[in-house]
Amino acid sequence: MAVQPYDPENIFAKILRGEIPCGKVYEDDHVLAFNDINPQAPTHVLVIPKGAYASFDEFSAKASDAEIVAFNRAVGKIARDLNVAEDGYRLIANTRQNGRQDVPHLHVHIIGGKMLGLMLPKE
Ligand code: 5GP
C-alpha cells in the first residue's frame, strides 16, 4: 500500500501554525512539545517535529541531521525536565493503520508519573 502524502490540515499542523492553542511545554527551532488533551497518566506530553513528517520512518529518512538531533535531544530533555526520567516513563510513536495512529503528524508520547500498565493489552 502506498504511503499517503502529508495532510497539512491535521490537528498538529494547525497547532504548529497557531490556529489551535496548545499547552506548550517546550519549543526550539525544530521541535514543539505540548500536553496531550486527553492525558493517560499524570505526565502525558506529545513531542513533534516542526517539519511536515507523518511518521518516524519518514522522518528518519527525510529529515536533516539538525532536525533529527534536535528531536532526539528534546525528547530526553523534556523527560528530565518533567521529572519522569528517574522513576521511568514510556515513549510511544503510534504509526499508521496497524499502529493506530490518529493524528498523521509524527509525535512521540512521553507518558509517566505513575506505574504504567503492560505495554500491550492481551488480545
Ligand atoms: P495517536 O493516537 O495519533 O498516537 O495520538 C494522538 C494524540 O493526540 C491523542 O493522545 C490525543 O489525545 C491527542 N490530541 C488529539 N487532538 C489534540 C489536540 O487538539 N490537542 C492536544 N494537545 N492533543 C490532541
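What you see below is based on every heavy atom in this structure, not just the backbone, and it leaves out hydrogens, waters and symmetry mates. This structure is a prediction, so every number in the text was calculated from the model and none was measured. Counting starts at 1 for both ligands and their atoms, in listed order.
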Worksheet entry | Hydrophobic cluster (4.5 angstrom, side-chain heavy atoms) - remaining members for Phe34 | Ile11, Phe12, Ile15, Leu16, Ile20, Leu32, Leu46, Ile48, Val103
Response to the item:
Here the pair of heavy atoms bringing Val108 nearest to Ala93 is CG2-CB, 4.3 Å
Worksheet item: Listing by chain and number, which residues have a heavy atom under 4.0 Å from ligand 1?
Response: Ile11, Phe12, Ile15, Phe34, Asn35, Asp36, Ile37, Asn38, Leu46, Asn94, Arg100, Gln101, Asp102, Val103, His107, His109
Item to complete: Sequence neighbours left out, what pairs pass side chain to side chain donor-acceptor pair (under 3.5 Å) with at least one residue falling in residues 41-55?
Response: Glu27-Lys50, Asp36-His44, His44-His109, Tyr53-Glu67, Ser55-Asp57, Ser55-Arg96
Worksheet item: Can you find a heavy atom in the side chain of Leu116 that is under 4.5 Å from one in the side chain of Ile111?
Response: yes
Worksheet item: Mind checking whether Arg100 and Asp102 have side chains closer than 4.5 Å, heavy atoms only?
Response: no
Worksheet entry | Residues forming a side chain to side chain donor-acceptor pair (under 3.5 Å) with His105, sequence neighbours excluded | Tyr6
